[in-house]
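Order of the sequence lines fixes the chain letters, A, B, ..., with proteins taken first and strands second; residue numbering starts at 1 for each chain.
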Number of protein chains: 4
Amino acid sequence: MKLLTEKGIQATPMSAIAKAAGTGMGTIYNYFPTKEELINAIYLYIKNLEVQFITRKTNESSLKIKFLDYYKAFIDFNLQYPDCFAFMDQMQNSPVISCHTKEKGKAEFLQIIELIQKGQDEGIIKKMSIEAILQFLAGTMTAYVRWMLGIKENERKKYLDHQLRMVWDAIKE
Amino acid sequence: MKLLTEKGIQATPMSAIAKAAGTGMGTIYNYFPTKEELINAIYLYIKNLEVQFITRKTNESSLKIKFLDYYKAFIDFNLQYPDCFAFMDQMQNSPVISCHTKEKGKAEFLQIIELIQKGQDEGIIKKMSIEAILQFLAGTMTAYVRWMLGIKENERKKYLDHQLRMVWDAIKE
Amino acid sequence: MKLLTEKGIQATPMSAIAKAAGTGMGTIYNYFPTKEELINAIYLYIKNLEVQFITRKTNESSLKIKFLDYYKAFIDFNLQYPDCFAFMDQMQNSPVISCHTKEKGKAEFLQIIELIQKGQDEGIIKKMSIEAILQFLAGTMTAYVRWMLGIKENERKKYLDHQLRMVWDAIKE
Amino acid sequence: MKLLTEKGIQATPMSAIAKAAGTGMGTIYNYFPTKEELINAIYLYIKNLEVQFITRKTNESSLKIKFLDYYKAFIDFNLQYPDCFAFMDQMQNSPVISCHTKEKGKAEFLQIIELIQKGQDEGIIKKMSIEAILQFLAGTMTAYVRWMLGIKENERKKYLDHQLRMVWDAIKE
DNA sequence: AATGAATGAGACTTCATTCAT
DNA sequence: GATGAATGAAGTCTCATTCAT
C-alpha cells in the first residue's frame, strides 16, 4: 500500500512489492493472477478492515450521538491508517478497480443506512434519498481526512467539532 | 483528457495522445518536456477554465443566493465538462501532479473566500476557519458531481435542491 | 563487440546485441544497468584478457629479448582477437568510456613497467619518465596493429622485424 | 567540433550544432545533405588545415633537422588546436568516416614522404617500406599529443626532447 | 537563402509475467 | 509451495530530416 500510493501504481513494480512484502515475485503470483487483481484484493481488504473497525462499537445513546460516533469512527480509522486512506483515495477513481470490486466494497454500510433511515422515520434527519445522504457524507469525510493528513497531528483536534457540527446540521431536519 | 481518464495515465501512451490530438508525438514534446509536465499543464488549464466559468456571473442578490449560485456554477461546470471533472478527480491524488501545480491551482478562489468571510462577519455563516469550510464544500461538491455523472441526465435535477439545502444548512449559522 | 565496432555504438541497438548474444534484452539489463555500463564492462573485460595473455610467458633471457617478447605478445593478442582490438581502438577516445574505467584499465602494466625500470637501471634503456616510454610504446603498437589488420595475413610477417627494430632503437640507450 | 568530441557524435543533435554555429538547422542542410556528410566534411577540412600548417615552413638545413621540424609542426598543430585533435582522434576509427574520405585525407603527405625517401637514399634513415615508417610515426605522434593534452601546459615542454630523440633513434639508420 | 516547427522512426529502458529449479 | 532470472512487448523520449514560411 505504502509503495503503491507513494509512487503510484505504475511506478511500483511487482518486484518492489515482493521485496517490501519480504517474499518473492513468484509467490505473489501464486495467490493473485495479475497485478490488477492484487490491487483489487487490497482494496477489498481495506474495505473489510474499515467495516470491522467502524461496527465494533454499539453504544446505547441518542440517534445523533450514535450517528456522530459512526462518523468519527470512519475518520479515526482513516487517520489511524493513513496509508489505507491514501490507497483508497487514489484507487477510488482509478480504472484499475473493477466495477465488480466497487460493488462488493459498497455492500457493507447496512448499519449506517439503517440508522439514517430510522432517523428519517423519527423526523430527526432530512427526508431525502439515502443515496444522496450517503454520497454527501462520504464526500465530506474524504475531504476532511485528506485535509487533516496534510496538517500536523497536534493541530488536528480543534477542527473535529466544527466538522461534526457542519455534518450534523447538513443532514438534520 | 478523455484518453487519460478512461484508460488511466499509464495505459495511455503518448503516441495515442498525439494521434487523438491530430499531431505527432515529437510536436507534443516540443511544448511539454515530459508526459508528466503535459499532465500538469492540462491540470492547470482546467483549473483556469473552471475559475473563468465560475466567476463569470456577478449578480446582485442576497449572500445566500450568491453563495449558492457559486456552488451551482461549480457543479454546472463539472457536469457540463464531465471529462474535465473525471480528469481532475483522478489527478487530484495522483503523485503525478506536483505540489507546485497544486499550489498554483489553489490560488484562484479569492472571490468565494471573500464571500464566505463576509457571510461570517454578517453572522450568516458559521465562524470557522475558512480552510475548514472550503475543504468541506469541495468534498461535498466532488462527491455530488461524481454521483450525478453516474446516473442518467434526466434524473439529476431532482437531487440538486436537496444537495443545496444540505450544503447551506451545513455552513449557515 | 563485433556489432559495436562494425556499426558504431549508436547504430547498434541493444535489441541487436541481445539477439547476437542469444538472449533477451531484459536479461542484459539484469546485469548491466545501462548500455554505457555494458560497454565499460566489455572494455575492462578485454583489458583483463589482454593482461592475462601477455603475462603468461615468463622466459629467462636477456632484458632486450624479454621486452620484445612482451611487445610481440601485445601485438599477437590484438592480431589474434581483431574484434577486441577494433573495440578498444574505437572506445579509447569515446566519451562513453568513463575516467574510472580508464583508470582501472591502466592499473595492470606493472610487469612491463618493472622491466623497463630495470633496463634503465642497467643503462640499457633511455633514462626518461616511464610514462613517456609507455605512451610511446602504446602509440607504436596501436598504429602497427591497425595497419596490419588492414593488409592480408600472409603479408604481415615481413613487417614485424622492422617494427621491432624501430621500437627497440627508440628506447634503447 | 567541440560539441561533437565532448559529447560524442550521437549525443550531439544537429539542433545543438546549428545553435553553436549561430545558424539554423535548415541552413546546414542547405550545404550538407546529411549529418554524416557534415562530419566527413569537417574531417577533410581539418586535414587540409593540418597540411597547410605543416608545409608552411621550408627551411634549408640538414635532413634530420628538417624531418624533426616536420614532426614538431605536426605536434604543434595538434596542441594548438586540441579540438581538432580530439575530433580527428575520435573519428579515425569511426564507421561514420567513409573510406573515400579517409583516402582523400591521406593524399597530402607527399612532402614528408619525399623527405624520408631522400633520407633512405642517403643512408640516414632505415631502409624499410615507407608505409611502415609513416604508420610508426603517426602512431607515436598521436599517442604523444593525446598524452600532452592530458597534462598541464607548463609541464609539457620537458617531454618534447625525449620524444624527438626516441622518434629519430627509431627511424635513423 | 535562411529558418525552425513538425514529424515519426527508432533508441533505450522497464516490468508484468512465466517457469525451471 | 517458493523463488527470481529470463523475457520481449510496450513505454517514454530523441533527433535527423523536411518543408512551408
Side-chain angles (χ1 to χ4, degrees), chain A residues 3-4 7-19 21-39 96, chain B residues 3-4 7-19 21-39 96, chain C residues 3-4 7-19 21-39 96, chain D residues 3-4 7-19 21-39 96:
Chain A
L3 284 173
L4 251 13
K7 304 267 182 181
I9 293 179
Q10 57 130 331
T12 308
M14 284 298 267
S15 58
I17 295 175
K19 204 172 185 180
T23 182
M25 268 186 303
T27 310
I28 297 181
Y29 277 92
N30 281 342
Y31 294 93
F32 306 97
T34 65
K35 190 185 187 186
E36 231 167 87
E37 295 213 31
L38 169 64
I39 289 168
V96 173
Chain B
L3 284 172
L4 249 13
K7 305 263 181 181
I9 293 179
Q10 84 115 346
T12 309
M14 285 298 267
S15 56
I17 296 175
K19 207 172 185 179
T23 181
M25 253 190 316
T27 309
I28 298 182
Y29 277 96
N30 280 345
Y31 295 93
F32 306 97
T34 64
K35 192 185 188 184
E36 231 167 85
E37 294 211 31
L38 168 64
I39 291 170
V96 173
Chain C
L3 284 171
L4 249 13
K7 304 263 183 184
I9 293 179
Q10 83 116 346
T12 309
M14 284 299 266
S15 56
I17 296 176
K19 207 173 188 178
T23 181
M25 257 188 315
T27 308
I28 297 181
Y29 278 95
N30 280 345
Y31 295 92
F32 306 97
T34 64
K35 192 186 188 184
E36 230 167 88
E37 294 212 31
L38 169 64
I39 291 170
V96 172
Chain D
L3 284 172
L4 251 11
K7 304 266 183 182
I9 293 179
Q10 57 131 331
T12 308
M14 285 298 268
S15 57
I17 295 175
K19 206 173 185 180
T23 181
M25 267 186 304
T27 310
I28 297 182
Y29 277 91
N30 281 344
Y31 295 92
F32 306 97
T34 66
K35 191 187 187 185
E36 230 167 88
E37 295 213 30
L38 168 65
I39 289 168
V96 173

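The stretch residues 8-15 of chain A touches DNA chain E through A:Gln10, A:Thr12, A:Pro13, A:Met14, each having a heavy atom under 4.0 angstrom from the strand.
Base pairing of E:dA20: its partner is F:dT3, meeting the Watson-Crick or G-U wobble criterion (both donor-acceptor distances under 3.5 Å). Using the Watson-Crick or G-U wobble rule with both distances under 3.5 Å, E:dA1 pairs with nothing in any strand shown.
F:dC15 atom P lies 12 Å from atom CG of D:Leu3, rounded to whole Å. When the C1' atom of F:dT18 is taken as reference, atom NZ of D:Lys35 falls 17 Å away, rounded to whole Å. With rounding to whole Å, C:Ile17 atom CD1 is found 13 Å from E:dT13 atom C1'. In this structure, OH of C:Tyr29 is placed 13 Å from C1' of F:dG11, rounded to the nearest angstrom. Taking atom CG of D:Leu38 as the reference point, atom C1' of F:dC15 lies 15 Å away to the nearest angstrom. What separates NZ of C:Lys7 from P of E:dG10 is a distance of 13 Å, to the nearest Å.
Of all the heavy atoms in A:Lys35 and A:Met14, the pair that sits closest is CG-SD, 3.5 Å.
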Listing time: all N or O pairs from protein to nucleotides 1-5 of chain E that are below 3.5 Å?
| from | atom 1 | to | atom 2 | distance (Å) |
| --- | --- | --- | --- | --- |
| E:dA2 | OP2 | D:Tyr31 | OH | 3.1 |
| E:dT3 | OP2 | D:Thr23 | OG1 | 2.6 |
| E:dT3 | OP2 | D:Gly24 | N | 3.1 |
| E:dT3 | OP2 | D:Thr27 | OG1 | 2.6 |
| E:dG4 | N7 | D:Gly26 | N | 3.1 |

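Taking the nucleotide of DNA chain F with the nearest heavy atom to each of D:Pro33 and B:Glu36, the more 5' of the two is matched to B:Glu36.
Here the CD1-CD distance, from D:Ile9 to D:Glu36, works out to 8.5 Å after rounding to the nearest 0.5 Å.
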